[in-house]
2 protein chains.
Amino acid sequence: MSVSVKDVAAAAAVSVGTVSNVLNRPDKVAPATVARVQAAIDRLGFVRNDAARQLRAGRSRSIGLVVLDSANPFFAEVARGAEERAAREGMAVLLGNSDQTPSRERAYLELFREQRVNGVLLTPTDLEDGAVRRLAESGIPLVIVDGELPGGGVPSVAVDDVQGGMLAVAHLLEQGRRRIAFIGGPRSIRQVADRLEGARRALAGVPEATLEVIELDALTVLQGRDAGEEIARRSPAERPDAVFCANDLLAVGVLQGTAILGEVRVPGDLALIGYDDIDFAQSAVVPLSSVRQPARAIGAAAVELLLEALDSEGAAIRHVRFQPELVVRASTGR
Amino acid sequence: MSVSVKDVAAAAAVSVGTVSNVLNRPDKVAPATVARVQAAIDRLGFVRNDAARQLRAGRSRSIGLVVLDSANPFFAEVARGAEERAAREGMAVLLGNSDQTPSRERAYLELFREQRVNGVLLTPTDLEDGAVRRLAESGIPLVIVDGELPGGGVPSVAVDDVQGGMLAVAHLLEQGRRRIAFIGGPRSIRQVADRLEGARRALAGVPEATLEVIELDALTVLQGRDAGEEIARRSPAERPDAVFCANDLLAVGVLQGTAILGEVRVPGDLALIGYDDIDFAQSAVVPLSSVRQPARAIGAAAVELLLEALDSEGAAIRHVRFQPELVVRASTGR
DNA sequence: ATTACAGTTTGAAACGATTCACGGCTGGAT
DNA sequence: ATCCAGCCGTGAATCGTTTCAAACTGTAAT
């Protein structure tokens, strides 16, 4: 079927060992031989069989990436960053979506182990669960993306979500808002919990301010819209005067939801701020204030950490932590 | 290092062949033996080495996906659809971004060949180029995503972009617009060329209508914004009264660009329609009319076709063609 | 008692690359 | 002449799985 080193060796009148050397350590082979072998490779259209290479050499050339939802623009950017960085090393990225479901996460991790990936970048569905720790100890290099394992010990790249939550709510308070609502997904998602915690801390300095927490099932536009409608239907006295959403998708949804009844205006009646600063935040009906995360850089950094872990077996474990950045737009204007 | 079939065989007191059979054809093995081997597998934590499996068995369990830009929401959805469908078959998806660059496309295809992927789903940078045809003939199963190879012969899943362009412009004409502008990326992108062709056909029936073509380098929000600003700066007489953008990102950009000067209003002065109906189209400053493509279904269908091609070596080559759907919102209102 | 047969299990070959101990060659030093 | 050191190149062993012909077992039919 396909051309193997043996064929190439025959065509170039050398041994298979030499072909392998041309492929992997050209400097150890006489230039003339290299040229001859290369010519044979080109002529026959030889393509290295990575399975065999991997089997013998141990190492593979792919890394696994498991995110909560790759259709979410934030994760799409993270994936993009990882893919670009990996490509520079000649590595391929295997993509998996856990949809926040531990069973799907497990299925992907298992599949990736079978594929003998070099390592896994994981946005865990549940950091507290022992599964992540066990995985880390099972020998497969692991980097936590957008989170940090409580006990340390596993390299990770994260954004300080508590800080991000503080930034957002501090900004709302600064604008004179006092009746804050936090709209988020399930608190079991660490990012959500941390952003809420940040909100709480920002409120600590302002005793007369209140915080209402609205918990949803998922961080989607649709869920946000429902929450927005619910708020719009309330009497003005019971309505918050500012909403901090756990991500931009929710915020966009809230914007739609409040717009439907047409009574609550953003930012007049309701200041609104999201999280992630996805591309569309600035293009929303009312340009959306948000907290920016360097998504692409996060993906790239994760691959970087994995490469480090691969190079220096058991060396220092690094944690990269990006700082979030407040982006003010019309939705929190006066 | 890691546990192999040999270890499992020893632990269960059977031969390696039997272990393999338990793994691949449990029905050929006596139930009691299956149980014993399974127990050993669980106890030892055996994970099948896919490299070895692949080497011997020929087949692999991954498929490659090369798209123009996975951060583009349309392709992100396509990727999601592909990934979901592949996961159902226990297959993993390798993701690659060509960024419309033939050299990056080639690099990924080469990498994927080395990985011995089962097949490749490709959104080609250049369909006319012989490279795609050569690839298809090189033995690696190929499915064209969002396009169709002129000569046939390669399975493909596409959306009728000409039809989509017609829908969009026919709608603009119906709204009484006559000075239409088409804003698109490089015409070398087939999708762009087809949508433009559709626009032309729609115009054919209305002699007094005109079409201006504005060609950009890329289909991004930023490029759209520049184009929008340029249009906004024109005198009213030289301005189109409707714009059809080759995708929603451009349309969102145009919306931003025209808004900056504040003189051109959408849809009053300028009707605007995009393409793809990404999630944010309905949440834009002015909810955006668009042409919807079933992105996730496209990805799933592509995997489906690949599986068919894999099963029935050289059987009928199918082309799946989805129909685009017009979605009318405020941006093309009166 | 012999043969047939289906159901199980075995064990060695094969997949295609990498690795490494070893041998041949060349040319300069002794 | 002899020896040594560097280069180059060789080819068998190896990785972990699948495959398949052959061997084995016990039961049924003759």
Side-chain angles (χ1 to χ4, degrees), chain A residues 1-38 40-41 44-62 90 110-111 113-118 139-140, chain B residues 1-38 40-41 44-62 90 110-111 113-118 139-140:
Chain A
M1 181 76 182
S2 109
V3 186
S4 80
V5 275
K6 212 178 292 183
D7 303 317
V8 174
V14 294
S15 75
V16 292
T18 299
V19 176
S20 178
N21 280 333
V22 168
L23 254 27
N24 303 303
R25 316 177 195 59
D27 47 306
K28 297 281 170 212
V29 180
T33 314
V34 172
R36 196 147 39 91
V37 173
Q38 268 303 344
I41 288 177
L44 300 177
F46 167 76
V47 177
R48 209 208 237 103
N49 183 332
D50 217 57
R53 169 208 193 68
Q54 199 181 126
L55 175 58
R56 172 64 229 221
R59 49 190 137 83
S60 89
R61 303 212 295 153
S62 58
E110 185 66 13
L111 183 56
R113 295 188 72 177
E114 289 192 10
Q115 301 278 330
R116 288 298 192 273
V117 293
N118 250 320
I140 184 166
Chain B
M1 182 73 184
S2 104
V3 186
S4 79
V5 276
K6 213 178 292 183
D7 304 317
V8 174
V14 296
S15 75
V16 293
T18 300
V19 176
S20 179
N21 280 334
V22 169
L23 255 24
N24 303 303
R25 315 176 195 60
D27 47 306
K28 296 282 169 210
V29 179
T33 313
V34 172
R36 197 147 38 91
V37 172
Q38 267 302 345
I41 287 177
L44 299 176
F46 166 76
V47 177
R48 206 207 236 109
N49 183 331
D50 217 58
R53 169 208 193 68
Q54 199 181 126
L55 175 58
R56 173 63 230 221
R59 50 190 138 85
S60 89
R61 302 212 297 150
S62 58
E110 184 66 12
L111 182 57
R113 294 186 73 178
E114 289 193 9
Q115 300 278 331
R116 290 296 193 274
V117 293
N118 250 320
I140 183 166

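First the proteins, then the strands, lettered A, B, ... as listed; each starts at 1.
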**Report entry** Span of DNA chain D in contact with chain B (heavy atoms, under 4.0 Å)
**Finding:** D:dG16 to D:dT19
Requested in this report: Evaluate the side-chain proximity of B:R61 to B:R53: yes if any heavy-atom separation is below 4.5 Å, no if none is.
Outcome: yes
Report summary line: Sorted by number, residues from residues 20-28 of chain B placing a heavy atom under 4.0 Å from DNA chain D are B:S20, B:N24, B:R25
Query raised in the report: Base, sugar-phosphate alone, or nothing: which one does B:V19 contact when heavy atoms must sit under 4.0 Å apart?
Result: nothing
Query raised in the report: When we call it a touch if two heavy atoms are under 4.0 Å apart, what does B:S4 touch: a base, just sugar-phosphate, or nothing?
Result: sugar-phosphate
Can you tell me the distance, in whole Å, between the [atom1] atom of [X] and the [atom2] atom of [N]?
X	N	atom1	atom2	answer
B:E114	C:dA17	CD	P	10 Å
B:K6	C:dT10	NZ	P	16 Å
A:L44	C:dG16	CG	C1'	15 Å
A:Q54	C:dT19	CD	C1'	17 Å

With sequence neighbours excluded, residues passing side chain to side chain contact (heavy atoms under 4.5 Å, CB included) with [X]:
X	answer
A:K6	A:S4, A:V16
A:A52	A:N49, B:L55
A:A11	A:A40, A:R43, A:L44

Requested in this report: Would you give the length of the straight line joining atom OG of A:S15 to atom CG of A:N21, rounded to the nearest 0.5 angstrom?
Outcome: 8.0 Å
Report task. Select from A:T33 and A:V16 the residue whose nearest nucleotide in DNA chain D is closer to the 5' end of that strand. Result -> A:T33
Query raised in the report: Minimum heavy-atom separation for B:Q54 to A:A51, with atom names?
Result: OE1-CB, 3.6 Å
Report task. Could you tell me which non-hydrogen atom of A:V5 sits nearest to which non-hydrogen atom of A:F46, and how far apart they are? Result -> N-CE1, 3.6 Å
Query raised in the report: Run the side chain to side chain contact (heavy atoms under 4.5 Å, CB included) check on B:R116 and A:V47 step by step: do they pass?
Result: CA-CA 9 Å; B:R116 290 296 193 274; A:V47 177; 3.8 Å; yes
Query raised in the report: How do B:A52 and B:R36 order along DNA chain C: which one's closest nucleotide is nearer the 5' end?
Result: B:R36
Report task. With sequence neighbours left out, write down each residue that passes salt bridge (Lys or Arg N to Asp or Glu O under 4.0 Å) with A:R113, or none if nothing qualifies. Result -> none
Query raised in the report: What nucleotide, of C:dT10, C:dA17, C:dG16, holds the atom closest to the side chain of B:L55?
Result: C:dG16
Requested in this report: Verify the contact: side-chain N or O of B:R56 to OP1 or OP2 of C:dA14, cut-off strictly under 4.0 Å; return yes or no.
Outcome: no
